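In what follows, a structure is listed as structure tokens, so that the remarks can point back to it.
Note that this is a predicted model, so its numbers are computed, not measured. No hydrogens, no waters, no symmetry mates; every other heavy atom, side chains included, goes into these values.
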Amino acid sequence: MRNHSIVSEFILLMLSADPQTQILLFMLFLVIYVLTLMGNLVMLLVIRTDSHLHMPMYFFLRQLSFLDLCHPTVTVPKMLENLLSESKTIFVESCLAQAFFVFVTGGTEACLLAVMAYDRYVAISSPLPYGQVMSNQLCVGMVWGSWGLAFVDALINILLAVNLNYCEDQTLPHFSCELSSLFPLSCSDTSTNFTLLLCSSVLHFFGTFIMIVFSYVRVVSAILSISFTSGRSKAFSTCSSHLTTVILFYGSGFLSYLLATSGSHLEMVFLKYSVVTPMLNPLVYSLQNKEVKTTIRRILRRYINSFT
């Protein structure tokens with residue numbers, strides 16, 4: 001039997017215990033966070049202002065940019081605070097709330113990437129009736145469905161975790177709160193919690209990943225049926241940005257939860273998953289998408305001309 005008492009706070013371990021290194025990390029992640037906010041806000045502005053981008057693909061991209069604003073905002077401000085603080089603590093209630101919103105935003109992004117994969121399949125396999133198939137009502141419904149599924153999934157897991165009792169060991173081996181890292185600190189029986197989290201993760205994240213793979217198998221099949229080489233190249237280019245984002249999201253996520261165990265290696269992978277990837281997504285879509293680049297240039301020229 002382990003000692004068990006009422007625990008009101010957890011201690012979050014940072015990437016380094018050295019104060020000077022923590023200051024450097026604070027500056028680094030502050031810059032990354034600011035770039036993340038700026039990049040995704042620019043994407044939202046570009047898609048909203050250009051009528052040529054008011055189509056299903058960019059409607060989903062706008063939702064992705066919004067998620068990439070929300071996901072790091074759940075964890076990074078507290079991480080930056082703790083990098084400059086000596087206590088590095090977080091209240092249990094705040095930790096559970098953080099874990100809930102990490103689950104919601106991460107789960108919604110997984111569903112949204114699957115929806116975007118389906119959108120690319122429809123655009124390539126049925127280009128003429130694309131606008132009718134991907135109607136505004138269907139697009140809005142799929143986005144709300146993604147948010148709703150992630151919210152219900154996170155709520156069920158968090159409600160079950162709220163009743164857990166925690167032991168004297170208050171140290172979380174991460175810079176943020178994750179449900180899987182809370183279970184080892186509990187004196188309660190967490191077998192039900194672990195089973196529920198495992199099942200929901202398999203159904204939610206692996207399920208959406210399988211849907212993405214299935215969509216891209218059909219995308220490749222549709223592209224190979226195109227007789228013209230230029231047509232194939234154009235079709236592949238429309239999928240490259242989304243495919244890059246999928247690789248970044250699931251690649252770092254799988255490494256974080258499946259390959260790493262604990263400590264600094266997990267921290268670095270999770271940092272890439274929750275901090276770096278949201279910064280890279282706007283770059284991926286702006287550098288690999290001609291329409292987005294054209295719109296950004298047009299807005300910049302208009303902005304510069306207004307001051308000259």
Side-chain angles (χ1 to χ4, degrees), residues 30-74 76-77 104-106 108-124 126-148 150 234-246 248-249 275-308:
L30 178 61
V31 170
I32 291 176
Y33 183 55
V34 171
L35 290 176
T36 300
L37 295 180
M38 292 176 59
N40 286 288
L41 285 173
V42 166
M43 290 298 297
L44 289 172
L45 176 65
V46 166
I47 296 172
R48 182 177 179 83
T49 56
D50 192 343
S51 59
H52 296 90
L53 302 182
H54 293 174
M55 57 181 67
M57 173 182 173
Y58 297 101
F59 173 76
F60 295 130
L61 179 55
R62 187 171 64 180
Q63 306 304 317
L64 180 65
S65 295
F66 178 70
L67 279 169
D68 284 338
L69 284 174
C70 296
H71 191 70
T73 300
V74 174
V76 174
V104 169
T105 53
T108 303
E109 185 159 346
C111 292
L112 186 62
L113 290 175
V115 168
M116 294 173 75
Y118 173 72
D119 170 72
R120 289 299 82 209
Y121 163 68
V122 174
I124 292 173
S126 307
L128 294 180
Y130 170 67
Q132 295 178 347
V133 175
M134 299 300 295
S135 63
N136 183 64
Q137 184 178 2
L138 177 62
C139 293
V140 172
M142 288 193 291
V143 168
W144 277 110
S146 299
W147 277 100
K234 184 178 180 180
F236 272 119
S237 67
T238 63
C239 300
S240 60
S241 299
H242 176 259
L243 194 57
T244 303
T245 301
V246 169
L248 288 171
F249 180 82
V275 178
V276 180
T277 300
M279 180 191 69
L280 295 178
N281 285 342
L283 292 176
V284 168
Y285 274 95
S286 61
L287 293 177
Q288 297 187 11
N289 190 296
K290 292 181 180 180
E291 292 177 323
V292 172
K293 286 191 291 186
T294 301
T295 303
I296 291 176
R297 291 194 195 102
R298 188 185 303 121
I299 292 175
L300 287 175
R301 281 198 299 266
R302 189 185 309 163
Y303 181 78
I304 293 172
N305 292 334
S306 64
F307 285 93
T308 57

How far apart are the closest heavy atoms of [X] and [Y], and which atoms are they?
X: F60; Y: C139; value: CZ-SG, 3.7 Å
X: D119; Y: Y130; value: OD1-OH, 2.6 Å
X: M43; Y: P282; value: CG-CB, 3.8 Å
X: S146; Y: L112; value: OG-N, 3.9 Å
X: M142; Y: M134; value: CE-CE, 3.5 Å
X: T277; Y: F249; value: CG2-N, 4.4 Å

Can L30 and V34 be said to form a side chain to side chain contact (heavy atoms under 4.5 Å, CB included), step by step?
-> CA-CA 6 Å; L30 178 61; V34 171; 4.3 Å; yes

Separation of [Y] [atom2] from [X] [atom1] (nearest 0.5 Å):
X: S65; Y: R48; atom1: OG; atom2: CZ; answer: 14.0 Å
X: I32; Y: L37; atom1: CD1; atom2: CG; answer: 12.0 Å
X: R120; Y: H242; atom1: CZ; atom2: NE2; answer: 9.0 Å

Is any side-chain heavy atom of C70 less than 4.5 Å from a side-chain heavy atom of T108?
->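 Result no, sub-4.5 Å side-chain heavy-atom pair not found.
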
Quick one: does L44's side chain get under 4.5 Å of L69's, heavy atoms only?
->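 Yes; the side chains approach each other to less than 4.5 Å.
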
Any chance the side chains of T73 and Y33 put a donor and an acceptor closer than 3.5 Å?
->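 Result is yes, a qualifying pair exists.
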
Candidate pair L61 and L64, rule side chain to side chain contact (heavy atoms under 4.5 Å, CB included), full reasoning = CA-CA 5 Å; L61 179 55; L64 180 65; 4.2 Å; yes

Quick one: does H71's side chain have a donor or acceptor within less than 3.5 Å of a partner on F66's backbone?
->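 No; judged by distance alone, with no hydrogens or angles, the pair does not exist.
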
Just by modelled atom types, is the T36 backbone N or O under 3.5 Å from a matching donor or acceptor in the N40 side chain?
->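 At least one qualifying donor-acceptor pair exists.
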
From CA spacing to verdict: side chain to side chain contact (heavy atoms under 4.5 Å, CB included), T245, L113 | CA-CA 8 Å; T245 301; L113 290 175; 3.9 Å; yes

